[in-house]
Amino acid sequence: MHNEFMQRAIALAMDNVRSGRGGPFGAVVVKDGAIIAEGANCVTAVNDPTAHAEIVAIRAACRALGTFQLTACDIYTSCEPCPMCLGAIYWARPAHVFFAATAADAAAAGFDDSFIYEQLPLPTEQRKIPMMPLMREQALAAFRAWLDTPGKIPY
């Protein structure tokens, strides 16, 4: 069954390129042996830099299941996830992730995310995009309110 699901993710990527809707990336979310959600890259189609195939599929799967975690699901993606998608995948907590092409393959096609990995370990003041702290003490009030809220749903 793994090959069937990966074939669908790759088909979504191919269809996306052929239709001109977006980049060569597709993803499916599977639960109990059935595809419950699909996604294809639509960054340029919807002017949303977060509209990667994995993110689109995760959002659709969460809506379909009525939950914010995909603990009993598997994700099949046509390419190794980028840093943003990897973060979303960890927050979604699927059981497994299967990918076809590698990050190096994506880089060879012009989708190189290595610069993001290089930025992550740098102190915020040394990153390419300046990141400066502002109003931390005021922002901590929201965390205190969260900690004091009974019945909150931790994630």
Side-chain angles (χ1 to χ4, degrees), residues 1-122 124 127-135 139 142-143 146 152-155:
M1 297 280 298
H2 291 300
N3 287 351
E4 175 186 325
F5 301 134
M6 186 59 75
Q7 286 171 348
R8 180 60 186 151
I10 294 168
L12 287 166
M14 287 295 296
D15 291 346
N16 212 41
V17 171
R18 289 183 180 133
S19 71
R21 288 187 303 260
F25 304 96
V28 298
V29 178
V30 174
K31 182 174 182 177
D32 298 327
I35 294 174
I36 59 163
E38 298 181 341
N41 178 288
C42 56
V43 168
T44 57
V46 299
N47 294 318
D48 179 353
T50 69
H52 290 199
E54 297 91 335
I55 303 291
V56 172
I58 288 169
R59 288 175 179 162
C62 289
R63 278 192 306 273
L65 296 174
T67 183
F68 58 89
Q69 292 184 341
L70 302 175
T71 52
C73 299
D74 293 330
I75 298 175
Y76 293 78
T77 180
S78 64
C79 188
E80 185 176 356
C82 75
M84 176 184 68
C85 293
L86 188 60
I89 287 166
Y90 272 96
W91 280 114
R93 296 176 176 87
H96 304 94
V97 175
F98 301 91
F99 64 91
T102 66
D105 298 327
F111 298 94
D112 190 359
D113 55 18
S114 62
F115 73 97
I116 299 172
Y117 286 106
E118 293 166 0
Q119 292 290 300
L120 291 174
L122 295 176
T124 55
R127 292 181 181 161
K128 184 175 180 176
I129 298 174
M131 298 185 184
M132 293 139 309
L134 183 64
M135 298 181 66
F143 289 119
W146 168 259
K152 62 184 165 271
I153 300 172
Y155 60 96

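For the atom pair CD1 of Ile58 and CD of Gln69, the computed distance is 12.0 Å after rounding to the nearest 0.5 Å. The distance from atom CD1 of Ile129 to atom CD of Gln119, rounded to the nearest 0.5 Å, is 7.5 Å. Put simply, SG on Cys85 and CD on Glu80 are 11.5 Å apart, with the number rounded to the nearest 0.5 Å. Between the CG atom in Asn3 and the OH atom in Tyr76 there is a gap of 9.0 Å [rounded to 0.5 Å]. Going from atom OG of Ser78 over to atom CG of Asn41 covers 9.0 Å, rounded to the nearest 0.5 Å. Put simply, OG1 on Thr124 and CZ on Arg127 are 6.0 Å apart, with the number rounded to the nearest 0.5 Å.
The shortest distance between side-chain heavy atoms of Thr77 and His52 does not fall below 4.5 Å. Two residues are said to be in side-chain contact when any heavy atoms from C-beta on lie closer than 4.5 Å; Pro94 and Asp74 fail this criterion. Side-chain contact between Val17 and Met14 is absent, with no heavy atoms from C-beta onward closer than 4.5 Å. Under the 4.5 Å side-chain criterion, counting only non-hydrogen atoms from C-beta, Asp48 is not in contact with Cys42. Using a 4.5 Å heavy-atom cutoff, the side chains of Cys73 and Leu65 are in contact.
Shown here is Lys128, whose NZ atom has no more than 12 heavy atoms of other residues, nucleotides or ligands within 6.0 Å. Remark: Phe68 CZ is packed, more than 12 non-hydrogen atoms of other residues, nucleotides or ligands lying under 6.0 Å away.
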Going by atom type alone, with no hydrogens or angles, which donor-acceptor pairs under 3.5 Å involve a side-chain atom of residues 98-108 and a protein atom two or more places apart or on another chain?
{"residue": "Thr102", "atom": "OG1", "partner": "Ala104", "partner atom": "N", "Å": "3.3"}
{"residue": "Thr102", "atom": "OG1", "partner": "Asp105", "partner atom": "N", "Å": "3.1"}
{"residue": "Thr102", "atom": "OG1", "partner": "Asp105", "partner atom": "OD2", "Å": "3.1"}
{"residue": "Asp105", "atom": "OD2", "partner": "Thr102", "partner atom": "N", "Å": "2.8"}

Pairs under 3.5 angstrom only: tabulate donor-acceptor contacts from the side chains of residues 23-40 to other protein residues two or more places apart or in another chain.
{"residue": "Glu38", "atom": "OE1", "partner": "Arg8", "partner atom": "NH2", "Å": "3.0"}
{"residue": "Glu38", "atom": "OE2", "partner": "Arg8", "partner atom": "NE", "Å": "2.7"}
{"residue": "Glu38", "atom": "OE2", "partner": "Arg8", "partner atom": "NH2", "Å": "3.4"}

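Looking at every heavy atom in both residues, Val46 comes nearest to Ala51 through CG2-CB, 4.0 Å.
Partners of Asp15 under the side-chain hydrogen bond (donor to acceptor under 3.5 Å, both in side chains) rule, at least two apart in sequence or in another chain, do not exist in this structure. By the side chain to side chain contact (heavy atoms under 4.5 Å, CB included) test, Met1 is found to be paired with Glu4, Phe5, residues two or more places apart in sequence or in another chain being considered. Residues that satisfy the side chain to side chain contact (heavy atoms under 4.5 Å, CB included) test with Gln7, not counting sequence neighbours, are absent from this structure. Remark: Arg21 pairs with Ser19 by the side-chain hydrogen bond (donor to acceptor under 3.5 Å, both in side chains) rule, at least two apart or across chains.
Ring orientation note: the planes of Tyr155 and Trp146 are nearly perpendicular, at an angle over 60° on the 30°/60° scale.
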| request: Using the side chain to side chain contact (heavy atoms under 4.5 Å, CB included) rule, take Leu86 and Tyr117 through it: C-alpha gap first, then chi angles, then the decisive distance, then the call. | output: CA-CA 12 Å; Leu86 188 60; Tyr117 286 106; 4.3 Å; yes
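A donor-acceptor contact shorter than 3.5 Å is absent between the side chain of Arg63 and the backbone of Ala61.
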